[in-house]
Amino acid sequence: MAGEGWRPERILTTPPVRRSPPARPQLFGEGPEGRLEGLPEVPLVALGQTNLEPLKTLSIAAHLGRELRRWVQECEQEGRRPRLLVYNLGPTHEQGGFLARLRARLPFDLCPLITDLDAPGDSGSRLRRVRFRWQARLPRAADRLMALNRSVLDDFGEGRPTLETGGIVADRDLWERLLALPPPEPSPQGPRRFLYAGSLNEVRGIRRLLEAMADFDPAEARLEVTGGGPLAEEVRARAATLPQVDYLGSLITLEDRLAAFARAEVVVNPHAIAAPEARYLWPSKLAEYSASGRCVVSSTAGGMDPSAHPWGLWSASDEPAALHSLLRSTLDPDFPLAARGEAARAWSRERFAPGPAARRMLRFLNS
């Protein structure tokens, strides 16, 4: 956004200090702590005075309130309307509820960019339900709302101006290197090469993917799995029983991750659809997957409309059989594997390039 000419008056953030416990308790003072690279003229204010929970969360909220009150008063004295852009107060942050309370008491325009929310579902614990309601106060208090996920806007837009920003790139270096990756070269005699690169947990769908691969002949299809998570040991054990699956563990270096994509012809995102946690999440893997120039097989998580993304193969079911059917369709000799990969890369380049994304947001904020 700065590259498109945008300049905020100040940036409020939290200091990069590990919380206590487990880290040792620390105290630090208020005030500007430095400047952000690319915006050297803008004060970067570190919020909070301690890393000791729950005092950390409360001190951030108190400091935030003081900063906003001072800023609103300055704007009123100068005849300006204060506008607050809020980014990345997702499921691990508690400041959304505090901001909603401040919005009810102070005259500023509030526009959050919601990256994700962690809905607990009917079976979630009472604490998770209370926490979700507290976080959800932020989008409900907004004057206008941006989100990665269409479902957030559908559920919390409530007639106010909204913008679906369409996702983010978690690792810019990897994304740019993937855009330059040569297209895959399928072997006429070898098996189709699938890749899953991501977190190994229930919602991300690794169990479903392993079941979908179980009936493939190793001569016709092989799957490489990379990543770590709570199901890592289970994945390792299951892969040992499936000759068509190789589990490579967590890949640390950028070169190793690029090499895994280079070997693949098809990349798979088996994210859960029906799980409550999936409703407000954006499947960030799609940014990397599509940039790789490989055919993408994915669930329809993230509020995406499959008809708007014909470059992918989309499953609307959490059943392994549905995923298996899509994977098998890529084995057809007449399947347009290269054309799908090229179309996916073109979409990724247009959708996630920083300039166009920033311009979309700035047009929305200034409209």
Side-chain angles (χ1 to χ4, degrees), residues 167-188 190-201 204-206 208-210 212-213 216 218 220-229 232 235-236 239 242 244-271 282-299 301-302 304 309 311-315 323 326-327 329-331 335-354:
I168 56 175
V169 175
D171 187 331
R172 178 69 56 179
D173 289 341
L174 175 62
W175 180 76
E176 291 177 348
R177 294 282 296 274
L178 287 171
L179 286 174
L181 201 65
E185 297 182 3
S187 170
R192 181 71 74 224
R193 302 185 301 273
F194 300 121
L195 172 68
Y196 173 82
S199 300
L200 304 182
N201 59 51
R204 298 292 181 183
I206 185 59
R208 183 178 311 108
L209 177 55
L210 293 179
M213 288 296 303
F216 279 103
E220 63 179 357
R222 294 193 66 85
L223 168 69
E224 283 192 355
V225 177
T226 76
V235 170
R236 189 186 305 278
L242 296 173
Q244 63 275 58
V245 177
D246 296 310
Y247 175 49
L248 306 184
S250 295
L251 302 183
I252 305 301
T253 69
L254 177 58
E255 296 304 324
D256 285 343
R257 296 163 72 188
L258 287 169
F261 277 98
R263 291 189 297 270
E265 300 169 84
V266 178
V267 286
V268 191
N269 176 47
H271 200 293
W282 161 256
S284 57
K285 276 295 163 188
L286 288 182
E288 296 176 4
Y289 279 6
S290 56
S292 71
R294 273 68 187 155
C295 176
V296 178
V297 175
S298 177
S299 62
M304 295 184 71
H309 305 284
W311 46 265
L313 294 178
W314 305 97
S315 172
L323 183 59
L326 290 180
L327 296 175
S329 69
T330 68
L331 273 58
F335 183 82
L337 202 69
R340 292 276 186 152
E342 291 171 4
R345 175 172 281 172
W347 175 81
S348 188
R349 183 181 285 112
E350 187 279 330
R351 193 62 175 173
F352 300 107

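Along the sequence shown, residues carry numbers from 1.
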Euclidean distance, [Y] [atom2] relative to [X] [atom1], rounded to 0.5 Å:
{"X": "Ile206", "Y": "Tyr247", "atom1": "CD1", "atom2": "OH", "value": "9.0 Å"}
{"X": "Glu220", "Y": "Leu327", "atom1": "CD", "atom2": "CG", "value": "11.0 Å"}
{"X": "Asp256", "Y": "Ile252", "atom1": "CG", "atom2": "CD1", "value": "8.5 Å"}
{"X": "Asp173", "Y": "Leu254", "atom1": "CG", "atom2": "CG", "value": "7.0 Å"}
{"X": "Arg236", "Y": "Leu248", "atom1": "CZ", "atom2": "CG", "value": "10.0 Å"}
{"X": "Ser284", "Y": "Asn269", "atom1": "OG", "atom2": "CG", "value": "8.5 Å"}

field: Partners meeting side chain to side chain donor-acceptor pair (under 3.5 Å) with Glu255 (sequence neighbours left out)
entry: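 Glu255: side chain to side chain donor-acceptor pair (under 3.5 Å) contacts with Arg177.
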task: Can you sort out the partners of Arg351 under side chain to side chain donor-acceptor pair (under 3.5 Å), two or more places apart, ordered by chain and number?
output: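 By the side chain to side chain donor-acceptor pair (under 3.5 Å) rule, Arg351 matches no residue at all.
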I'd like to check [X] versus [Y] (side-chain heavy atoms, cut-off strictly below 4.5 Å). Are they in contact?
{"X": "Arg257", "Y": "Thr226", "value": "no"}
{"X": "Val245", "Y": "Val235", "value": "no"}
{"X": "Phe194", "Y": "Met213", "value": "yes"}
{"X": "Leu178", "Y": "Leu174", "value": "yes"}
{"X": "Val296", "Y": "His309", "value": "no"}
{"X": "Arg172", "Y": "Pro354", "value": "yes"}

Minimal non-hydrogen separation, [X] against [Y], with atom names:
{"X": "Ala232", "Y": "Leu200", "answer": "CA-CD1, 3.8 Å"}
{"X": "Gly293", "Y": "Pro184", "answer": "O-CD, 3.9 Å"}
{"X": "Leu323", "Y": "Ser315", "answer": "N-OG, 4.4 Å"}
{"X": "Leu286", "Y": "Ser298", "answer": "CD2-OG, 3.8 Å"}
{"X": "Ser299", "Y": "Pro270", "answer": "OG-C, 4.1 Å"}
{"X": "Leu210", "Y": "Leu242", "answer": "O-CD1, 4.0 Å"}

query: Sub-3.5 Å donor-acceptor pair from the side chain of Tyr289 to the main-chain atoms of Val266, do we have one?
result: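 Looks like no, no N/O pair under 3.5 Å.
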message: Once you measure the plane-to-plane angle for Phe352 and Trp282, does it fall in the parallel (<30°), tilted (30-60°) or perpendicular (>60°) bin?
response: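 Ring orientation of Phe352 relative to Trp282: tilted.
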- prompt: Is it true that Glu288 and Lys285 have a side-chain N and a carboxylate O under 4.0 angstrom from each other?
  reply: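 Judged by the 4.0 Å cut-off on N to carboxylate O distance, Glu288 and Lys285 do form a salt bridge.
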message: By the definition salt bridge (Lys or Arg N to Asp or Glu O under 4.0 Å), identify the one residue from Arg294, Arg193, Arg340 that meets it with Glu265.
response: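 Testing each of Arg294, Arg193, Arg340 against Glu265, the sole residue satisfying salt bridge (Lys or Arg N to Asp or Glu O under 4.0 Å) is Arg193.
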message: Apply side-chain contact (heavy atoms from CB on, under 4.5 Å) to residues Phe335 and Leu313 and explain how you reach the verdict.
response: CA-CA 12 Å; Phe335 183 82; Leu313 294 178; 3.7 Å; yes
field: Stepwise side-chain contact (heavy atoms from CB on, under 4.5 Å) check, Asp246 with Arg222
entry: CA-CA 8 Å; Asp246 296 310; Arg222 294 193 66 85; 2.9 Å; yes
task: Decide yes or no on side-chain contact (heavy atoms from CB on, under 4.5 Å) for Arg345 and Leu181, but give the supporting numbers first.
output: CA-CA 10 Å; Arg345 175 172 281 172; Leu181 201 65; 3.7 Å; yes
